[in-house]
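Input: a single structure, listed below in structure tokens.
Basis for what follows: all heavy atoms, side chains included, without hydrogens, waters or symmetry-related copies.
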Amino acid sequence: QIQLEESGGGLAHPGGSLRLSCAASARVFGGYAMGWFRQAPGMEREFLSAHTRSGLRTYYADSVKGRFTSSRDNAENTMTLQMNNLKPEDTAVYYCAARWTVSGAYYTQAHEYTDWGQGTQVTVSS
């Protein structure tokens, strides 16, 4: 079982940066594939990035590729999302997600994840 807690959200100006963290409580964090998603009001949850359980592979959505960088530290049970060149359309609640897996796959669909954090609000506005 895993519990997830996001932090680091807040207000940023267009062009600015924020760094989100996801702290995980799990006996074997390295057994979980991890992902970042976001959800804006009235919109479906949107995939942002995904890690294999080892962290050796990371996959990004086209909408954030080149602006967002995700990393995970299996020794520290954490995952981070560095967001640069933020735009007003990045405003959303950001979630980290986990899925226990024995494969080396990453997952890009929200329904493929079994555990979610409560989310952290990111607002990009001038």
Given 3.5 Å as the limit, does a donor-acceptor pair link the side chain of [X] with the main chain of [Y], or not?
| X | Y | result |
| --- | --- | --- |
| Q3 | S25 | no |
| N74 | R53 | yes |
| T120 | G9 | yes |

Applied to residues 69-80, the salt bridge (Lys or Arg N to Asp or Glu O under 4.0 Å) test, sequence neighbours excluded, yields none
Residue pairs passing the salt bridge (Lys or Arg N to Asp or Glu O under 4.0 Å) test with at least one member in residues 113-126, sequence neighbours excluded, are none
For [X], check side-chain hydrogen bond (donor to acceptor under 3.5 Å, both in side chains) against everything at least two apart and list the hits.
| X | result |
| --- | --- |
| R19 | Q82 |
| T123 | Q121 |
| S49 | none |
| S71 | T80 |

For L56, the other hydrophobic cluster members (4.5 Å side-chain criterion, sorted by chain and number) are none
Check: Is R99 close enough and on-axis enough to Y113, meaning under 6.0 Å and within 45°, for cation-pi?
Finding: no
- [ ] Begin with the C-alpha distance, continue with both residues' side-chain angles, and end with the deciding distance and a verdict on side-chain hydrogen bond (donor to acceptor under 3.5 Å, both in side chains) for T101 and Y107.
- [x] CA-CA 10 Å; T101 181; Y107 302 91; 3.1 Å; yes
With a 4.5 Å cut-off on side-chain heavy atoms, are L20 and V122 touching? yes
So NE2 of H13 and OG of S126: to nearest 0.5 Å the spacing works out to 8.0 Å
With [X] via ring-ring contact (aromatic ring centres under 6.0 Å, His included) - residues at least two apart:
| X | answer |
| --- | --- |
| Y106 | Y59 |
| Y32 | W100 |
| Y94 | none |

Hits for salt bridge (Lys or Arg N to Asp or Glu O under 4.0 Å) against R38, two or more places apart or cross-chain, chain-then-number order -> E46, D90
Contacts of K65 meeting salt bridge (Lys or Arg N to Asp or Glu O under 4.0 Å) (sequence neighbours excluded), chain-then-number -> D62
> Does the side-chain hydrogen bond (donor to acceptor under 3.5 Å, both in side chains) test come out yes or no for H51 and S70, once each step is laid out?
Replying inline: CA-CA 8 Å; H51 292 281; S70 183; 2.7 Å; yes
Would F37 and F47 count as a close aromatic pair, with their ring centres under 6.0 Å?
yes
